[in-house]
Amino acid sequence: MTPAPPWWRHAVIYQVYVRSFGDADGDGTGDLAGVRQRLPYLAELGVDALWLNPFYRSPMVDGGYDVADYCDVDPLFGTLADIDGLIADAHAAGLRIIVDLVPNHTSSAHPWFVEALASPPGSPARERYVFRDGRDGGPPNDWASVFGGPAWSQAPDGQWYLHLFDAGQPDLNWAQPVVHAEFERILRYWLDRGVDGFRVDVAHGLVKAEGLPDLGGYQSGLGDATYFDQEGVHEIYRAWRRLLDGYPGDRMAVAEAWVSPAARIARYTRQDELHQAFNFEFLKTPLAAEPMRGVIDESLNASGEVGAPTTWVLGNHDTVRPVTRYGDGPTGLARARAAALLMLALPGSAYIYQGEELGLAEVLDLPEEVLQDPVWRRSGHTRRGRDGARVPMPWDGDGPPYGFSPNGAAPWLPQPAEWEALTVAAQTGQTGSTLELYRHALRLRREHPALALGEGQLHWLPDPPPDVLLFARSSAAGAELICAVNLGSHPVQATWPGNLLIASAPVSAGVLPPDTAAWWSITA
Ligand code: NOJ
């Protein structure tokens, strides 16, 4: 008998934005104790693992992606005892825990950076970061920050330091062995505390182009600057893979690397590198049959070439929520539900960002005075940023804070009045709700022999109706699951065999309405 594939090859991983998931201490911000209280919800939803966004000591200039101490919990989120308790309870509930690792930059409040500012140019303390003298009275080169404005700020003595993100997030210098050693220490620290894996922030950014060349006015943005995806990053991941392999229990790491095409992404998941890389190409592709089929084929081919699973993703805390991206309103919701059934029928691993299972839309009308994303400030108030995807979860009740905070405290971002019908309580047990759709799909994915363990082959069925994605997954023993997604504007008649298992909108007499996905089963 062949051994079961490691869990991460087929896992469904739920992203917990800790700040917005559950607030146990009633200060309006989510915390680790709040996640711990809600573990039964996640176990019942049927996911395999949680990825926790950063909860480390941080001035919170960028939602915790500005880390001042990688080995401690920020008081806003709790204590080390809270994370230990959360890991233990999650494991007892059969859920694995992935934590965020932020190796591209530290916070400017990190002791290393404080020491660097207090030390002279050229000193070892400065060499841990990217300090340079200016050019013609300005910054050393023309690089722009991903968040807007220049990627350089000045130290009090006039030297400049590089920050691809906020000025409070100075970039580390990965040419220095001491930086490698420090992150290996941090990896071991969390592995020893029992985490199952890491999500590697800006995995494509650690190594900068030799000589820091000008980009010639190239507009930066997440994922499209030439200062990313340098060859040198791969050596770092080879070292980390060796370190992870030294631990028992299939520990893993997933790369956040906004690079394209799929073949470039796959390089992060070669056999001796990281285990997964988010498939942002899938997220970015318009929800239409031809481009979707193209991106699915390209992704499967590219990851297949390196023997890695494909890691599907429809949203996260940095991107506009799928309901809104796919058209907002009832159409956007219908299409997001169809996309979820599509994603969960594909081979490989999949990520669900908190609130997707409730069909939450992006909150587009947050008042300007509550916006906290540094993108808003750094873009000179021209880009509102990502707060609209980060509004705290609605659990129950008929108005804010919808059970998010225990004593009615105002959440750190205001929740919309329309969320009353979208709370976990309102959707639980309600036929046709998005939450029940996810619960059902996740159960089928675990139980159906053509989907379970994620390894069943995908093959496209011949002659699909126009604008319909139509494929089968088949198990080695011959069980089949057919998935059809109607992305056109007309209903289509199912001409394929099988028993209807689940549909994102009612399917009667075999008619699949527009913006609908469904699964049929043919058991061997
Ligand atoms: C990617 C993270 O997901 C995002 O939230 C953050 O702003 C940047 N990396 C910088 O750390």
Side-chain angles (χ1 to χ4, degrees), residues 13 15-21 30 51-68 70 74 77 98-110 113 129-130 143-149 151 153 162-172 174 183 186 198-206 208 220-225 227-229 233 253-259 265 268 274 276-280 283-284 311 313-321 351 353-354 362 371-379 383-391 412-413:
I13 300 172
Q15 180 191 350
V16 176
Y17 194 65
V18 179
R19 203 180 178 193
S20 299
F21 192 67
W51 150 34
L52 305 174
N53 283 102
F55 49 78
Y56 314 110
R57 275 198 187 264
S58 164
M60 297 292 286
V61 165
D62 181 24
Y65 282 96
D66 47 321
V67 182
Y70 289 83
D74 195 278
F77 299 120
I98 296 171
V99 294
D100 226 304
L101 184 77
V102 189
N104 180 68
H105 44 264
T106 69
S107 160
S108 53
H110 189 285
F113 194 72
Y129 293 90
V130 185
W143 291 9
S145 150
V146 171
F147 291 164
S153 289
L162 178 69
H163 52 85
L164 296 187
F165 296 90
D166 192 76
Q169 297 168 295
D171 278 55
L172 284 162
W174 278 85
F183 275 86
I186 294 163
F198 299 91
R199 175 266 189 190
V200 182
D201 188 58
V202 202
H204 55 322
L206 279 48
K208 316 301 183 229
S220 101
L222 270 180
D224 57 3
Y227 47 60
F228 287 130
D229 202 24
V233 294
V254 52
E256 187 227 15
W258 288 87
V259 303
I265 302 174
Y268 289 78
L274 303 181
Q276 301 181 334
F278 293 114
N279 185 346
F280 294 128
L283 180 155
K284 288 188 292 186
T311 302
V313 51
L314 288 171
N316 64 28
H317 65 293
D318 294 328
T319 54
V320 174
R321 283 192 176 276
Y351 281 71
Y353 174 46
Q354 70 178 46
E362 186 86 357
L371 296 180
Q372 302 221 2
D373 188 343
V375 167
W376 172 239
R377 177 175 36 85
R378 287 195 59 88
S379 68
R383 286 155 58 199
R384 287 173 61 89
R386 303 157 293 176
D387 290 320
R390 301 173 176 182
V391 174
W412 70 279
L413 287 174

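Remember, it's a predicted structure, so these values are computed and weren't measured experimentally. Both ligands and their constituent atoms are indexed starting at 1 by order of listing.
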Next item on the list: Give the single entry among D201, V202, D100 that approaches atom 2 (C) of ligand 1 most closely by any heavy atom.
Entry: D201
Item checked: Contact atoms of ligand 1, heavy-atom distance to R386 under 4.0 Å -> 4 (C), 5 (O), 6 (C), 7 (O)
Check: Hey, is R383 close enough to D373 for a salt bridge, meaning N to O under 4.0 Å?
Finding: no
Item checked: From Q372, H105, Q169, residue fulfilling side-chain hydrogen bond (donor to acceptor under 3.5 Å, both in side chains) relative to D62 -> Q169
Notebook entry, point to check: Are the aromatic rings of H110 and Y129 close, with centres under 6.0 Å apart?
Noted result: no
Item checked: Partner of W51 under ring pair (Phe, Tyr, Trp, His ring centres under 6.0 Å), chosen from F21, F278, F198 -> F278
Item checked: Within reach of ligand 1, part of H163 (heavy-atom separation under 4.0 Å) -> neither
Checklist line | R390 and ligand 1 - part of the residue with a heavy-atom distance under 4.0 Å | finding: side chain
Notebook entry, point to check: Quick one: side-chain contact (heavy atoms from CB on, under 4.5 Å) partners of V320, sequence neighbours excluded?
Noted result: T324, R325, E362
Item checked: Distance filter under 4.0 Å to F147 heavy atoms, resulting ligand 1 atoms -> 7 (O)
Next item on the list: Find all atoms of ligand 1 within a distance of less than 4.0 Å from any non-hydrogen atom belonging to H105, and give their numbers and elements.
Entry: 10 (C), 11 (O)
